[in-house]
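Below is one structure; the comments refer to it alone.
When a ligand or atom number is given, it counts from 1 through the structure's own listing order.
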Amino acid sequence: MTQPVAITINAGSSSLKFGMFSTTGEIAELAVGLVENIGAAPRLRVSFGAGGDRVTQDLSGYQAADHQGALQTALALLRDRIPDAQVRAVGHRIVHGGAAHAAPVQITAPMLDTLRALSPFAPLHQPHNIAGVEAAMALFPDALQVACFDTAFHRTHPKVNDMFALPRAYYDKGVRRYGFHGLSYDYISGELARIAPLLHAGRVVVAHLGNGASMCGMLGGRSVASTMGFTALDGLPMGTRTGQIDPGVTFYLVEQEGKTLDEVRDLYYKRSGLLGLSGLSNDMRTLEAADTPEAAEAIDYFVFRIRRELGALAAALGGLDAVVFCGGIGENSRLIRERVCAGMDWIGIELDRARNADNDMVISTPLSRVRVMVIPTNEELVIARAAHAFLSAGDGQAAAE
Ligand code: AMP
């Protein structure tokens, strides 16, 4: 007997997240994992099902020299543990879907060309995503390949929130506020609809705080505004990214300091944010444990920008009914949540410190006008569900033929 499964692939610059989900009936997680440091000192981590086995392995360079190698090594382990799995679909996280894609699509050869054509919009991410697609197509030529876009959830932005104040021709060329982390926001929106439908119908700000960080204002579960813009550099400061920065700084660095654009890009994406400010680390756990004034200032800046964006997004939504924290920092850091919510009674937030310390799902007091929640996000499940939906639609067509 074989077990039909969908694989999920989320390919970053030097990492590859993957999952395997049963597609028999309701979608169910069989395994999720990560290969990090691809091409350098790669390491594989996998966990099998909720509460199941966890495996961590250091890999040799040749086992994960590139994304295809990393995927093959990860799949070999999955096949060993789940030998009856038959891969029917592969779902891919694709950072950029451009203005046209508000939903997942099946990846055909022409669609792959469309994805390649969008690479200039996300040159640091899209090529890796495409490498993941090519690797999966080579390994599973008969499986359905599905693209799930990080930008798609934000295509409901009103135009006023989609524009920059540039001459109009640039909007038409695609210079717009796309917004990212859409798979995470999609998941949170779905969870809110399930656990708190009244809040889902209302005005919600979701703070996805991880190594990449952004916030999204939702009305009725749909994105109205987000902190990321044309690229995933805008908005909140992140592990190594600046977040919002005056474009005049770029002119200064190029004209006065003689930096090349590549050097500025490297500075903004890889050496700034929490790492740049602290001079110590991009990792919030390290900063929370450190006792240097620079680490404290990096945290201060992170919290300040989140609070500022919270106010801005509440204004864009015309008020606030709920705040949801997710991402590695949002789900785990009591300190950051407490500091973001401190003194926010003016907007209706009253934090329950004991619940916050316990990492409860609801961390506001019963009397707080705004409900504050912690909901672990699950981008892999959103991708798997999309792949499953395409499979079911295909099966439906096959059955009808
Ligand atoms: P992500 O990119 O979503 O995996 O999130 C990574 C970030 O979450 C890193 O900055 C981690 O330091 C942070 N993080 C994970 N666990 C904790 C924790 N218990 N306390 C504070 N930060 C955490």
Side-chain angles (χ1 to χ4, degrees), residues 8 10-19 32-38 43-47 54 56 93 95 124-125 128 150 180-188 191 206-216 226-228 232-233 235-243 269-292 294-303 305-306 324-341 351 353 355-361 363 374-383:
T8 60
N10 179 349
S13 51
S14 63
S15 69
L16 187 124
K17 280 191 195 160
F18 56 89
V32 287
L34 169 77
V35 182
E36 50 196 347
N37 276 329
I38 294 173
R43 167 176 263 243
L44 170 70
R45 281 185 283 151
V46 192
S47 63
R54 280 163 198 277
T56 303
R93 179 187 186 176
V95 73
L124 296 185
H125 297 97
H128 299 295
D150 248 340
F180 297 86
H181 285 140
L183 302 177
S184 174
Y185 294 129
D186 196 357
Y187 179 80
I188 299 295
E191 282 299 280
V206 181
H208 176 110
L209 309 177
N211 202 31
S214 73
M215 292 164 78
C216 176
S226 57
T227 58
M228 279 180 171
L233 193 59
L236 302 178
M238 303 174 221
T240 60
R241 286 174 250 170
T242 55
Y269 274 95
K270 299 195 177 142
R271 296 196 285 125
S272 299
L274 296 174
L275 173 66
L277 280 175
S278 67
L280 179 67
S281 173
N282 63 320
D283 193 297
M284 186 55 83
R285 280 166 296 201
T286 307
L287 299 186
E288 287 187 12
D291 57 3
T292 66
E294 293 82 6
E297 262 181 18
I299 295 178
D300 287 349
Y301 184 75
F302 186 64
V303 169
R305 298 303 303 203
I306 296 168
V324 179
F325 287 97
C326 65
I329 299 172
E331 290 163 29
N332 297 299
S333 174
R334 294 143 209 197
L335 175 81
I336 296 297
R337 292 191 307 251
E338 184 169 326
R339 290 199 49 195
V340 167
C341 295
L351 193 74
R353 295 182 64 162
R355 288 179 176 197
N356 183 46
D358 286 346
N359 270 330
D360 280 358
M361 185 171 73
I363 57 170
V374 180
I375 302 182
T377 196
N378 195 340
E379 292 160 310
E380 269 56 47
L381 187 56
V382 173
I383 302 171

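A side-chain donor from one of N356 and R337 sits under 3.5 Å from a side-chain acceptor of the other.
Smallest separation of non-hydrogen atoms from I336 and E288: CG1-OE2, 3.8 Å. A pairwise comparison of heavy atoms in A295 and T292 identifies N-OG1, 3.1 Å as the closest pair.
Taking a heavy-atom cut-off of under 4.0 Å, ligand 1 is surrounded by G210, N211, N282, D283, M284, R285, E288, G327, G328, I329, N332, S333.
Listed by chain and residue number, R285 satisfy the salt bridge (Lys or Arg N to Asp or Glu O under 4.0 Å) test with D283 (two or more places apart in sequence, or in another chain). Residues passing the side-chain hydrogen bond (donor to acceptor under 3.5 Å, both in side chains) test with E338, sequence neighbours excluded: R353. Applying the salt bridge (Lys or Arg N to Asp or Glu O under 4.0 Å) criterion to D300, with sequence neighbours excluded, gives R339.
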